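No experiment lies behind these values; they were computed from the predicted model shown. Just so we're on the same page: letters track the sequence lines, and every chain starts at 1.
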Number of protein chains: 2
Amino acid sequence: MQTDPLSAKFAALADPTRRAILARLTQGEASVNELAEPFDMSLPAVSKHLKVLEKAGLISRGKEAQWRPARLEPMALKGVADWLEHYRRYWDASFDRLDAYLKNIQKGDPSGPRN
Amino acid sequence: MQTDPLSAKFAALADPTRRAILARLTQGEASVNELAEPFDMSLPAVSKHLKVLEKAGLISRGKEAQWRPARLEPMALKGVADWLEHYRRYWDASFDRLDAYLKNIQKGDPSGPRN
DNA sequence: AATGCATTTAACCGAACGGTTGACAACGCG
DNA sequence: CGCGTTGTCAACCGTTCGGTTAAATGCATT
């Protein structure tokens with residue numbers, strides 16, 4: 001696992017089990033057993049996945065008696081979205097037009113896009 | 001490396017060197033040597049990173065004489081953005097009220113759907 | 001044909017990943 | 001207290017990752 005936060009987030013998301021866990025958590029908090037139920041995998045394995053997600057900041061854990069419920073920490077995902085946003089202009093056509101417009105007015109053309 | 005495309009993309013993005021390569025490619029095509037220049041790392045290492053990015057669909061390679069320039073394949077990033085979009089409501093302020101509602105029904109508010 | 005440049009392939013290495021099993025810790029309850 | 005439930009820890013295992021060096025490939029130039 002890398003040390004920089006963005007790498008940790010991407011690495012955490014690069015596993016279908018962990019993404020499924022996140023999807024489940026959009027329904028609300030869940031215990032480890034509840035989270036493990038859909039998977040053909042031991043409990044410690046799920047526990048490890050949760051630890052990866054927690055270290056990446058994508059979830060946080062609670063403590064209620066012997067339960068340690070996990071909940072979504074969605075601002076971490078916003079961090080990923082913000083990184084992606086830098087590339088939006090390279091796929092989004094409507095963003096391209098806006099970008100061209102902004103570049104033109106920055107060049108001092110008051111009438112808008114040129115070409 | 002996983003077989004499903006989304007995992008491959010996230011895994012490819014989980015490395016700062018590879019993200020730096022993508023950033024460089026927003027300036028336009030580049031040869032392997034050009035891409036390797038900023039990094040304190042051998043050429044084969046960069047070549048491997050490019051292969052990871054290519055298998056993830058994030059870049060494509062050309063062939064001009066002995067050069068194999070890499071270029072950005074931005075629609076692949078859009079795939080990642082689309083996945084993230086499912087979670088926007090969980091961080092975006094404009095969805096705060098919906099989020100509060102969902103949290104209430106999850107606590108067992110009998111007026112809402114049950115988990 | 002020989003040289004030189006750009007890039008990839010092959011073999012190898014240590015560290016991290018994703019999983020297992022078995023033991024252990026923490027808590028609620030009879 | 002003793003017990004069952006919940007979850008983590010520790011050790012281990014095979015595979016993948018990210019890097020290296022050395023050799024091979026592809027192409028242009030002379």
With sequence neighbours left out, what residues match [X] under side-chain contact (heavy atoms from CB on, under 4.5 Å)?
X: B/S42; result: B/P44, B/A45
X: A/K78; result: A/M75, A/D82, B/W91
X: B/A30; result: B/R24, B/L25, B/E34, B/L35
X: B/E54; result: B/I59, B/R61

ask   = Quick one: ring pair (Phe, Tyr, Trp, His ring centres under 6.0 Å) pairs with a partner in residues 28-85 of chain A, sequence neighbours left out?
value =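 For residues 28-85 of chain A: A/F10-A/W83, A/W83-A/Y87.
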Taking [atom1] from [X] and [atom2] from [N], how many angstroms apart are they, rounded to a whole number?
X: A/I21; N: C/dG18; atom1: CD1; atom2: P; result: 11 Å
X: A/E29; N: D/dG7; atom1: CD; atom2: P; result: 12 Å
X: B/L53; N: D/dG18; atom1: CG; atom2: C1'; result: 13 Å
X: A/K55; N: D/dT8; atom1: NZ; atom2: P; result: 13 Å
X: B/L35; N: C/dT8; atom1: CG; atom2: P; result: 10 Å
X: B/D15; N: C/dC17; atom1: CG; atom2: P; result: 12 Å
X: A/L13; N: C/dG18; atom1: CG; atom2: P; result: 12 Å
X: A/L43; N: D/dA10; atom1: CG; atom2: C1'; result: 16 Å

task = Return the set of residues passing salt bridge (charged side-chain N to carboxylate O under 4.0 Å, His left out) with B/E85 (not counting sequence neighbours), or none when no residue passes.
result =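 By the salt bridge (charged side-chain N to carboxylate O under 4.0 Å, His left out) rule, B/E85 matches B/R88.
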A/R71: partners by salt bridge (charged side-chain N to carboxylate O under 4.0 Å, His left out), with sequence neighbours left out =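 Listed in chain order: A/E29.
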task = Write down the atom of B/A70, the atom of B/L50, and the distance for their closest heavy-atom approach.
result =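 Taking B/A70 first and B/L50 second, the nearest heavy atoms are CB-CD2, 4.4 Å.
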query = Looking only at heavy atoms, which two atoms of B/G57 and B/E73 are closest? And how far apart?
reply =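 Answer, listing the atom of B/G57 first, then B/E73: O-CB, 3.3 Å.
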query = A/R18 side chain to A/A12 main-chain N or O, any donor-acceptor pair under 3.5 Å?
reply =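 Answer holds: yes.
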So which protein N/O to nucleotides 9-13 of chain C N/O distances come out below 3.5 Å?
unit_1	atom_1	unit_2	atom_2	d
C/dT9	OP2	B/K51	NZ	2.4

key: Global bending angle along the helix from C/dA1-D/dT30 to C/dG30-D/dC1, which compares the axes of five pairs at either end, to 10 degrees   =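 Computed angle between terminal axes is 10°.
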inquiry  = Side chain of B/S42 only, heavy atoms from C-beta on: which candidate in C/dG18, D/dT20, D/dG7 is closest?
reply    =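 Between C/dG18, D/dT20, D/dG7, the one nearest the side chain of B/S42 would be D/dT20.
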request  = Give, ordered by number, those residues of residues 56-69 of chain A having at least one heavy-atom distance below 4.0 Å to an atom of DNA chain C; if nothing qualifies, reply none.
outcome  =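 When residues 56-69 of chain A is checked for heavy atoms under 4.0 Å from DNA chain C, the hits, listed by number, are A/A65, A/Q66.
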message = Strictly below 4.0 Å: does A/N33 bring a side-chain N or O up to OP1 or OP2 of D/dG7?
response =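 A/N33 to D/dG7 OP1/OP2: side-chain N or O found under 4.0 Å.
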inquiry  = Check this for me: does any side-chain nitrogen of one of B/R19 and A/D4 sit under 4.0 Å from a carboxylate oxygen of the other?
reply    =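 Yes, charged N to carboxylate O under 4.0 Å.
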